[in-house]
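First up is the structure itself, then whatever we jot down about it.
The analysis underlying the following values was restricted to heavy atoms, covering all of them including side chains, and did not include hydrogens, waters or symmetry mates. Below, read A as the first sequence line, B as the second, and so on, with proteins coming before strands; counting in each chain starts at 1.
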Amino acid sequence: AQSVTQLGSHVSVSEGALVLLRCNYSSSVPPYLFWYVQYPNQGLQLLLKYTSAATLVKGINGFEAEFKKSETSFHLTKPSAHMSDAAEYFCAVRVGSGGYQKVTFGTGTKLQVIP
Amino acid sequence: GAVVSQHPSWVICKSGTSVKIECRSLDFQATTMFWYRQFPKQSLMLMATSNEGSKATYEQGVEKDKFLINHASLTLSTLTVTSAHPEDSSFYICSARGGQPGLAGLSYNEQFFGPGTRLTVL
């Protein structure tokens with residue numbers, strides 16, 4: 001079964017510092033991987049997704065992630081943290097397609113940005 | 001494009017009552033809708049998948065008689081929590097998937113999430 005593991009439930013960075021949120025996946029087939037952001041009491045917003053087209057994926061708000069098959073990783077990065085980046089981030093993997101897909105989420109990483 | 005709304009955004013009810021949550025795709029037709037629940041400080045867990053015109057498929061451990069899902073149309077799905085109890089208190093999030101490849105530029109497989117509904121059962 002496909003799954004994702006997020007290392008670190010809480011990450012704190014200073015404003016302007018590099019953001020690195022870790023995600024490792026387990027999949028028996030080429031995976032479709034996603035990063036979502038959730039602000040308090042809100043739904044999920046898609047940051048970026050990997051669908052095998054390119055290993056380095058650029059998303060919204062300056063985030064990007066690199067798919068590394070050898071390391072089974074899909075870490076999320078941003079060169080310079082902004083206060084508005086404080087939120088919870090979920091890595092996810094999708095199985096199946098169309099109306100028979102299932103998205104499995106990681107346990108989430110709460111990002112704190114220190115002024 | 002690809003906006004999904006939920007109503008209500010929050011609801012408080014007494015134990016034993018039923019609560020209905022609506023999920024609407026505002027600018028596209030959603031062939032499939034998904035319902036998730038999220039406990040405090042935890043991840044989202046898929047409850048059920050609903051394809052329009054078919055009965056919902058529930059995940060293991062989710063009681064279908066307690067969580068009634070109706071995919072009434074291509075733009076509306078409802079989740080009814082019957083005889084709610086305090087342990088049903090949670091954040092319920094729906095998502096919707098467009099049915100046609102390339103429809104309005106939407107990805108065939110991408111899920112678009114609603115803003116969530118906070119349910120508190122007293």
Side-chain angles (χ1 to χ4, degrees), chain A residues 1-11 21-25 29-53 57 59-60 87-112, chain B residues 2-6 9-10 23 29-60 71 74 90-101 103 106-120:
Chain A
Q2 277 76 356
S3 65
V4 288
T5 301
Q6 290 183 244
L7 300 176
S9 57
H10 286 80
V11 170
L21 305 182
R22 299 177 185 274
C23 173
N24 287 88
Y25 69 90
V29 297
Y32 291 95
L33 296 163
F34 306 80
W35 276 100
Y36 289 90
V37 61
Q38 183 181 34
Y39 296 97
N41 295 312
Q42 294 187 29
L44 300 182
Q45 182 180 9
L46 179 66
L47 277 177
L48 49 80
K49 59 185 177 183
Y50 168 74
T51 58
S52 76
V57 182
I60 62 172
E88 186 140 27
Y89 293 80
F90 292 95
C91 181
V93 60
R94 191 186 75 217
V95 178
S97 64
Y100 302 94
Q101 62 178 260
K102 179 177 178 179
V103 176
T104 300
F105 291 87
T107 51
T109 298
K110 196 164 188 176
L111 175 66
Q112 180 185 21
Chain B
V3 178
V4 177
S5 70
Q6 282 184 240
S9 56
W10 59 270
C23 176
Q29 292 183 330
T31 303
T32 312
M33 287 187 169
F34 306 84
W35 286 95
Y36 297 83
R37 66 186 300 181
Q38 183 180 30
F39 290 107
K41 299 182 181 180
Q42 293 188 29
S43 188
L44 282 77
M45 299 298 293
L46 179 66
M47 298 175 67
T49 301
S50 174
N51 284 295
E52 194 269 340
S54 304
K55 289 184 178 180
T57 301
Y58 291 80
E59 294 298 301
Q60 191 173 8
H71 197 150
L74 285 173
S90 187
F91 194 50
Y92 292 86
I93 302 176
C94 73
S95 70
R97 180 193 74 88
Q100 294 176 255
L103 177 67
L106 301 181
S107 167
Y108 179 63
N109 282 306
E110 185 169 348
Q111 293 184 31
F112 298 94
F113 288 82
T117 296
R118 172 79 57 195
L119 170 63
T120 301

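- We find the OG-CZ distance between B:Ser95 and B:Phe34 to be 5.5 Å, quoted to the nearest 0.5 Å.
- Per-residue counts of heavy-atom pairs under 4.5 Å with chain B were compared for A:Gln45, A:Lys110, A:Gln38; the largest is that of A:Gln38.
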Under the criterion side chain to side chain donor-acceptor pair (under 3.5 Å), I'd like the reasoning laid out for B:Gln29 against B:Glu52: C-alpha separation, chi angles, the key distance, then a yes or no. CA-CA 10 Å; B:Gln29 292 183 330; B:Glu52 194 269 340; over 6 Å; no

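- At a 4.5 Å heavy-atom cutoff, the contact between A:Leu44 and chain B is made by backbone and side-chain atoms alike.
- Of the listed residues (A:Gly96, A:Gly106, A:Gly108), the one with the most heavy-atom contacts under 4.5 Å to chain B is A:Gly106.
- Aromatic ring centres of B:Phe91 and B:Tyr36: separated by at least 6.0 Å.
- Pairing each heavy atom of B:Thr117 with each of B:Gln6, the nearest pair is OG1-NE2, 3.1 Å.
- Heavy-atom distances place both the backbone and the side chain of B:Leu44 under 4.5 Å from chain A.
- Contacts of A:Phe105 with chain B are made by both backbone and side-chain atoms, with heavy-atom separations under 4.5 Å.
- Heavy atoms of A:Glu88 lying under 4.5 Å from chain B are absent altogether.
- Looking at B:Met47, B:Arg37, B:Met45 one by one, the single match for side chain to side chain contact (heavy atoms under 4.5 Å, CB included) with B:Ser90 turns out to be B:Arg37.
- Looking at A:Tyr36, the atoms closer than 4.5 Å to chain B (heavy atoms on both sides) all sit in the side chain, from C-beta outward.
- The side-chain tip of A:Arg94 points at the ring of A:Tyr32 from less than 6.0 angstrom away and within 45° of straight on.
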